[in-house]
Amino acid sequence: MVEYQGTRLNIRYCEQSPVGADPTTWQPPSWQEALAHIPLAKRPRITAQMAARREHLAKTGLLRSPDHWNTEGDLPNGKHFYAIKADKIRAYGWFSLRDKGVFYISHFAFKKGQKLARADVNRVVANWRQIEEQ
Amino acid sequence: MSDFLTHWTNESSENAKLVAQELLITEVTEAIWEAMEAAGITKTELANRMGATKGYVSQLLNGSRNMTLRTLSDICCALGKKPSITVDVERDGTKWQTGERKTVALGARKLRYERTGDTIFSSEQWRSAA
């Protein structure tokens, strides 16, 4: 299972590695797609930012800075989903009620404009239903 | 269990260095935001207290402008907080060990006063808010 374990939270990815792939090296396709929008020279810095912010979230259970974290759209249960921010890359996810202490990352996306894309909302909600309503 | 970001971090010393830098920036800015939230202070208010512009404070807090120790001290003074910095000491050159650590306190500057007759004056000029 592709998961990062912290002291307060485990960060679990909805995109899981295919059978036979090493889950510790496998990269979610949405991450690769989002990163492809970033100029080559900036990719290491932005990857490091995402690694640092997900580590802090896993260690403390929250991110406070609006430059690191944002409350995004609504989920079907009335709760919100959130985004970990690193430059223009977002990791959309939610705090699971089914799996206590787990923050699920639905997918990564490159954010082009100010507005949250409908496709991203739909993808988060579909993943949320698959995991939380099982 | 770890993920691809951990793998990327461990792939090279250059990557590990970048993640260490970003982690420090994240931890410092998160601590500042925590203090701001606890005191009910906005970025604008913090900028006013520092005698700086909101844009300058924004750049410090989003990591696009490097924060010096002096600036960190100024931010903490403006928030009425005392920063505390710890550096874990590496002993054998290869592995991190639990044990000694050093705490460096960065306090606010002491005020100096002059006395003339029955009146006490501050002898330092304070920057006024913009």
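Computed over heavy atoms, backbone and side chain alike; hydrogens, waters and symmetry mates excluded.
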Asker: Where do T26(B) and A52(A) come nearest, in terms of heavy atoms and distance?
Answerer: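 For T26(B) and A52(A), the tightest heavy-atom pair comes out as OG1-CB, 4.0 Å.
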
Asker: Shared ILVMFWY cluster between Y82(A) and L9(A), side chains joined below 4.5 angstrom?
Answerer: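 Per the 4.5 Å side-chain linkage, Y82(A) and L9(A) are co-clustered.
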
Asker: I need the T24(A) OG1 to D3(B) CG distance, nearest 0.5 Å.
Answerer: 9.0 Å

Asker: Inspect the surroundings of NZ in K88(A) and state if more than 12 heavy atoms from other residues, nucleotides or ligands are less than 6.0 Å away.
Answerer: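 Result for NZ/K88(A): open.
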
Asker: May I ask you to check whether over 12 heavy atoms, not counting those of R43(A), lie within 6.0 Å of atom CZ?
Answerer: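 Atom CZ in R43(A) is crowded, with more than 12 foreign heavy atoms closer than 6.0 Å.
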
Asker: Starting from the C-alpha separation in whole Å, work towards a yes-or-no answer on side-chain contact (heavy atoms from CB on, under 4.5 Å) for T6(B) and Y4(A).
Answerer: CA-CA 8 Å; T6(B) 307; Y4(A) 177 79; 3.5 Å; yes

Asker: Decide whether I105(A) and Y92(A) are clustered together by the hydrophobic rule: side chain heavy atoms of Ile, Leu, Val, Met, Phe, Trp, Tyr closer than 4.5 Å, transitively.
Answerer: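 They do not share one cluster, since no chain of ILVMFWY contacts under 4.5 Å joins I105(A) to Y92(A).
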
Asker: Is W31(A) in contact with chain B via its backbone, its side chain, both, or neither, using a 4.5 Å heavy-atom distance?
Answerer: side chain

Asker: Rounded to the nearest 0.5 Å, how far does CG of D87(A) lie from OG of S64(B)?
Answerer: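 So the gap between those two atoms works out to 10.5 Å.
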
Asker: Assign the ring pair F108(A) / F4(B) to parallel, tilted or perpendicular, where the plane angle (0 to 90°) is split at 30° and 60°.
Answerer: perpendicular

Asker: Side chain, backbone, both or neither: which part of N15(B) has a heavy atom under 4.5 Å from chain A?
Answerer: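 For N15(B), no heavy atom lies under 4.5 Å from chain A.
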
Asker: Please classify the contact between E14(B) and chain A as side chain, backbone, both or neither, with a heavy-atom cut-off of under 4.5 Å.
Answerer: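 E14(B) has no heavy atom closer than 4.5 Å to chain A.
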
Asker: Can you check whether R45(A)'s main-chain N or O pairs, donor with acceptor, with E22(B)'s side chain at less than 3.5 Å?
Answerer: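 No, the answer is negative, given that no donor and acceptor are paired below the 3.5 Å cut-off.
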
Asker: Is there a path of hydrophobic side-chain contacts, each under 4.5 Å between heavy atoms, that joins I41(B) and M67(B)?
Answerer: yes

Asker: To the nearest 0.5 Å, tell me how far I32(B) CD1 sits from S65(A) OG.
Answerer: 10.0 Å

Asker: Nearest 0.5 Å please: distance from the CZ atom of R64(A) over to the CE atom of M36(B).
Answerer: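 Going from the CZ atom of R64(A) to the CE atom of M36(B) covers 11.5 Å.
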
Asker: Do L61(B) and M50(B) land in one hydrophobic cluster if side-chain heavy atoms of ILVMFWY residues count as linked below 4.5 Å?
Answerer: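 Yes, it is one cluster - the side chains of L61(B) and M50(B) are joined through contacts under 4.5 Å.
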
Asker: Contact part of T9(B) toward chain A, heavy-atom cut-off under 4.5 Å: side chain, backbone, both or neither?
Answerer: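 Side chain only.
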
Asker: If you tally heavy-atom pairs under 4.5 Å against chain A, which of E34(B), E37(B), E11(B) wins?
Answerer: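 Ranked by contacts with chain A, first place is E34(B).
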
Asker: Give me the atom names and distance for the closest heavy-atom approach of P66(A) to W33(B).
Answerer: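 Nearest pair, atom of P66(A) first, then W33(B): CD-CZ2, 3.3 Å.
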
Asker: Once you round to the nearest 0.5 Å, how far does CG of D67(A) lie from CD of Q59(B)?
Answerer: 11.0 Å

Asker: Under 6.0 Å from the CG atom of D22(A), do we count more than 12 heavy atoms belonging to anything else shown?
Answerer: yes

Asker: Do F103(A) and V124(A) sit in the same hydrophobic cluster, where Ile, Leu, Val, Met, Phe, Trp and Tyr count as joined when their side-chain heavy atoms come under 4.5 Å apart?
Answerer: no

Asker: Picking from E55(A), M50(A), Q5(A), R54(A), which has the most non-hydrogen pairs under 4.5 angstrom with chain B?
Answerer: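 When all of E55(A), M50(A), Q5(A), R54(A) are compared, R54(A) has the most.
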
Asker: For a quick test of reading the model, state the closest non-hydrogen atom pair linking T29(B) to H68(A) and the distance between them.
Answerer: OG1-CE1, 3.1 Å

Asker: Before accepting this row, confirm whether a basic side-chain N of the pair R53(A)/E27(B) lies closer than 4.0 Å to the acidic partner's carboxylate O.
Answerer: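 E27(B) and R53(A): not salt-bridged.
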
Asker: Which atoms of Q21(B) are under 4.5 Å from chain A, going by heavy atoms: the side chain, the backbone, both sets, or neither?
Answerer: side chain

